[in-house]
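Scope of the values below: all heavy atoms of this structure, side chains included, with no hydrogens, waters or symmetry mates. Here the structure is a predicted model, which is why all the values come from computation and not from measurement. Residue numbers start at 1 and run along the sequence shown.
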Amino acid sequence: MTLQSSLAIFIVDDLPSMQQRLREFFADLEGVAVVGVAATTDAAIAGILDTRPDCVVLDYQLADGTGVKVLRVVRAVAPDIAFIVLTNHATPQHRAACLAAGARYFFDKSTEFGKIPSAIAEIGARLH
């Protein structure tokens, strides 16, 4: 995938192994730059609002709460930031809650990880 200009990504996941996997994954995508990583809801909100990325890849379940809190707070202040929820908690209820809170995409980590590049391309196309 090649974007016209760099797409800034912020990663929110409480597992260091998933943070690393996503960093490596995005490092292989041309035109994508990871601008921040957070593991908690408060750190995510502060980091996202500080860096104002184009896209946030957000886990649903965090050690201190859920991604829905992050979605609600950030979308109220910065509605143009696109969110991709990437989670192991891919129930219809979680999907509905995340989409209602403003997520653009909702993917199951174990079965839909491969959909991220096309979602990133769609977000990039909308921005540029």
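At least one side-chain heavy atom of Ile116 sits less than 4.5 Å from a side-chain heavy atom of Phe26. Between Arg126 and Asp54, every side-chain heavy-atom pair lies at or beyond the 4.5 Å cut-off. No side-chain heavy atom of Val56 sits under 4.5 Å from any side-chain heavy atom of Ile84. Between Val85 and Leu71, the closest side-chain pair of non-hydrogen atoms falls below 4.5 Å. Residues Ile48 and Val70 have side chains in contact (heavy-atom distance under 4.5 Å, counting atoms from C-beta outward). Considering only heavy atoms from C-beta on, Val12 stays 4.5 Å or farther from Val57 through its side chain. For the pair Val35/Ile9, no side-chain contact is recorded, criterion being any heavy-atom separation below 4.5 Å from C-beta on.
In this structure, the ring-ring contact (aromatic ring centres under 6.0 Å, His included) partners of Phe107, at least two apart in sequence or on a different chain, are Tyr105. Judged as a side-chain hydrogen bond (donor to acceptor under 3.5 Å, both in side chains), and not counting sequence neighbours, the contacts of Thr91 are Gln93, His94. For Asn88, there are no side-chain hydrogen bond (donor to acceptor under 3.5 Å, both in side chains) partners at least two apart in sequence or on another chain. Applying the side-chain hydrogen bond (donor to acceptor under 3.5 Å, both in side chains) rule to Ser17 yields no partners; only residues at least two apart in sequence or on another chain are considered. A search for side chain to side chain contact (heavy atoms under 4.5 Å, CB included) contacts involving Gln20 returns Arg23, Glu24, not counting sequence neighbours.
Shortest non-hydrogen contact noted between Ile123 and Cys55 is CD1-SG, 3.7 Å. Taking both residues in full, the closest heavy atoms of Pro53 and Ala8 are given as CB-O, 3.5 Å, listed atom of the first, atom of the second, then distance.
Note on ring orientation: taking the six-membered ring where Trp is involved, the planes of His89 and Tyr60 are tilted (angle from 30° to 60°).
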Please report, to 0.1 Å, the donor-acceptor pairs under 3.5 Å made by any side chain of residues 95-103, with sequence neighbours excluded.
{"residue": "Arg95", "atom": "NH1", "partner": "Phe106", "partner atom": "O", "Å": "3.0"}

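Sorted pairs that involve residues 76-87 and meet salt bridge (charged side-chain N to carboxylate O under 4.0 Å, His left out), not counting sequence neighbours, are lacking altogether. Residue pairs meeting the salt bridge (charged side-chain N to carboxylate O under 4.0 Å, His left out) criterion with at least one member in residues 58-79, sequence neighbours excluded: Asp42-Lys69, Asp59-Lys109. Listed by first then second residue, pairs satisfying salt bridge (charged side-chain N to carboxylate O under 4.0 Å, His left out) with a partner in residues 115-124 read Glu112-Lys115, not counting sequence neighbours.
Residues Phe83 and Phe113 do not share a hydrophobic cluster, defined by chaining ILVMFWY side chains whose heavy atoms lie under 4.5 Å apart. Under a hydrophobic-cluster definition in which Ile, Leu, Val, Met, Phe, Trp and Tyr are linked whenever side-chain heavy atoms come within less than 4.5 Å, directly or via other members, Phe10 and Val74 are assigned to the same cluster. Both Leu7 and Phe25 are part of a single hydrophobic cluster, where members link through side-chain heavy atoms under 4.5 Å apart. Under the 4.5 Å side-chain heavy-atom criterion for grouping Ile, Leu, Val, Met, Phe, Trp and Tyr, Ile11 is not connected to Leu49 through any hydrophobic cluster. Both Leu22 and Leu29 are assigned to one and the same hydrophobic cluster, defined by single-linkage of ILVMFWY side chains at heavy-atom distances under 4.5 Å.
For Asp108 (side chain) and Ala90 (main-chain N/O), no donor-acceptor pair under 3.5 Å exists by modelled atom type. Between the Gln19 side chain and the Asp13 main chain, a donor and an acceptor come within less than 3.5 Å of each other. Looking only at distances, a side-chain donor or acceptor of Thr40 sits under 3.5 Å from a matching main-chain atom of Ala43.
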